[in-house]
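One structure below.
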Amino acid sequence: MAVSLLSHELSDLCLGKPALRSLSITSTIAEALEVLKTSDDNFVSIWNCDDDECCSRCVGKVCIVDVICYLCKDENFVSPSIALKQPVSVLLPKIPGLIIHVEPSCSLLEAIDLILEGAQNLVVPIKTRVFNNKRSKQQQKPFCWLTQEDIIRFLLSFIGLFSPISSFSIDTLNIISPNTLTIEYHSPASAAIGAISRALVEQTSVAVVDSERILIGEISPFTLACCDETVAAALKTLSSMDLMAYIDCGGLPEELVKVVSAKLKEKNMNGMLQHFTVSMSCGGFSSSSSSDEEYSSSSMAVQVSPFSRPGRISRSMSYSARMVRRSEAIVCHPKSSLVAVMIQAIAHRVNYVWVIEEDCSLVGIVTFSDMLKVVRESFETMA
């Protein structure tokens, strides 16, 4: 059975994966926004196209969070309409190796090693039937991409092979990282802009804490990716706590909309004020009353209750139809088992789980990358 797992190729993981939605690197940010708003995927792949399709390469990916952070720069915040006309290439992080092209024959082990070296997405050609006619040869070859989540989900099907490590606690495995991105709840949300950009690259989140490092919630790139770009206005004008309420309530909180508008007007940010006002009048954010499935277990990760400490704001409903979970921080305890944390992260479609003590104080974070390191070490004994 172990030999069977080790022999798997990426083509086995690509079955049923949809083809990437792609955009040329010469497209504008506004064009990228249009694609993102009409897509079920939070990301769109960016390609450096060539007349010869064999030379076309995926050079990155963007989501609405990239646009939000870009608009929050002072020079762009003043004139968002001009900023949105810039080429989408300005949004791509200058970090090599985030996107890597691989062949379908690439082994599972090789894919894990690439991710542990820093790859976010592996771009894989989709195998299609070959037709001997000129028209089919002119068609663009379809690609899909694989993520850390795809590989973790696949490995869970073979979790029994990793016993007893899979049942060990995450503190025993020493995979709890104390290096977390945090911001205090009363601080200006704008102080978290840099951390949000970093969290997007690292595929984590920004913890919102109080002065005693009690975890209150999070400002998650995953949640922000389901927003409208005008959340930049709220990010620049509200506190971290008010921002969480603003982006997570079931419908727009009118009092906070007024606060944002008033502060934009006070600072003479007429460009963003106009953009924000137009978006609000057009129903910029859609509301949804659907809530996600509750998931709790004494041995598995749990959700931080928004009512467990005074002053917390209830954030029980998301406003986007694309949201698949509530945005309360997904947490576990140091004694939670590896398999429990893996399942919790997969269930909530996140790449990380916050680790807290019984009093809700923040200990650290466990990421898919941390989990894959443990699994990769297990492979050595299985080979």
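Along the sequence shown, residues are numbered consecutively beginning with 1. In this text the structure is predicted, and so the values were computed from the model without any measurement.
Pairing each heavy atom of Ser337 with each of Ser167, the nearest pair is CB-O, 3.6 Å. Between Cys332 and Ile170, the shortest heavy-atom contact is SG-CD1, 3.6 Å. Residues Ala199 and Pro221 approach most closely at CB-CG, 3.9 Å, considering heavy atoms. Smallest separation of non-hydrogen atoms from Val341 and Val353: CG1-CG2, 3.7 Å. Residues Glu103 and Val124 come closest through the heavy atom pair C-CG1, 4.3 Å. Across Glu218 and Ser205, no two heavy atoms sit closer than the pair OE1-OG, 3.0 Å.
Counting only N and O atoms by type, the side chains of Glu184 and Ser187 include no donor and acceptor under 3.5 Å apart.
Ring orientation note: the planes of His101 and Phe143 are nearly perpendicular, at an angle over 60° on the 30°/60° scale.
For the pair Val123/Trp47, a side-chain contact is recorded, criterion being any heavy-atom separation below 4.5 Å from C-beta on. Two residues are said to be in side-chain contact when any heavy atoms from C-beta on lie closer than 4.5 Å; Lys236 and Phe77 meet this criterion.
Within the model, atoms CG of Leu264 and OG1 of Thr277 stand 8.0 Å from one another, a figure rounded to the nearest 0.5 Å. Atom CG of Leu200 is separated from atom CG of Asp66 by 5.0 Å, given to the nearest 0.5 angstrom. The distance from the OG1 atom of Thr182 to the CD1 atom of Ile216 is 11.5 Å, given to the nearest 0.5 Å. Within the model, atoms CG of Asp370 and CG of Asn174 stand 9.5 Å from one another, a figure rounded to the nearest 0.5 Å. The line from SG of Cys360 to CD of Glu212 is 12.0 Å long, rounded to the nearest 0.5 Å. For the atom pair Ser220 OG and Tyr352 OH, the distance stands at 3.5 Å (nearest 0.5 Å).
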I would like to know whether Leu33 and Ile64 meet side chain to side chain contact (heavy atoms under 4.5 Å, CB included); could you show each step before the answer?
CA-CA 7 Å; Leu33 266 179; Ile64 289 183; 4.0 Å; yes
Show the numbers, then the answer: is there a side-chain hydrogen bond (donor to acceptor under 3.5 Å, both in side chains) between Ser24 and Thr26?
CA-CA 5 Å; Ser24 169; Thr26 59; 2.9 Å; yes
Show your working on side chain to side chain contact (heavy atoms under 4.5 Å, CB included) between Glu110 and Leu10 and close with a plain yes or no.
CA-CA 9 Å; Glu110 290 172 323; Leu10 291 193; over 6 Å; no
Chi angles and distances behind the side chain to side chain contact (heavy atoms under 4.5 Å, CB included) call for Leu155, Leu372:
CA-CA 10 Å; Leu155 291 173; Leu372 284 174; 3.8 Å; yes
Before giving the answer on side chain to side chain contact (heavy atoms under 4.5 Å, CB included), spell out for Asn42 and Cys226 the whole-Å C-alpha distance, their side-chain angles and the decisive distance to 0.1 Å.
CA-CA 7 Å; Asn42 286 333; Cys226 299; 3.9 Å; yes
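The side-chain contact (heavy atoms from CB on, under 4.5 Å) check on Asn121 picks up Lys61, Ile99, Trp145, Thr147, with sequence neighbours excluded. With sequence neighbours excluded, the residues that form a side-chain contact (heavy atoms from CB on, under 4.5 Å) with Ala189 are Leu235, Ser240, Leu243.
Side-chain rings of Trp354 and His348 stay apart, their centers remaining 6.0 Å or farther from each other.
Counting heavy-atom neighbours within 6.0 Å of Ile82 CD1, excluding the residue itself, gives a total of 12 or less. Counting non-hydrogen atoms of other residues, nucleotides and ligands closer than 6.0 Å to CD of Gln86 gives a total above 12. For Phe43, the CZ atom counts as densely surrounded, since its 6.0 Å shell holds more than 12 non-hydrogen atoms of other residues, nucleotides or ligands.
Using a 4.0 Å cut-off between charged nitrogen and carboxylate oxygen, Asp359 and Arg213 do not count as a salt-bridge pair.
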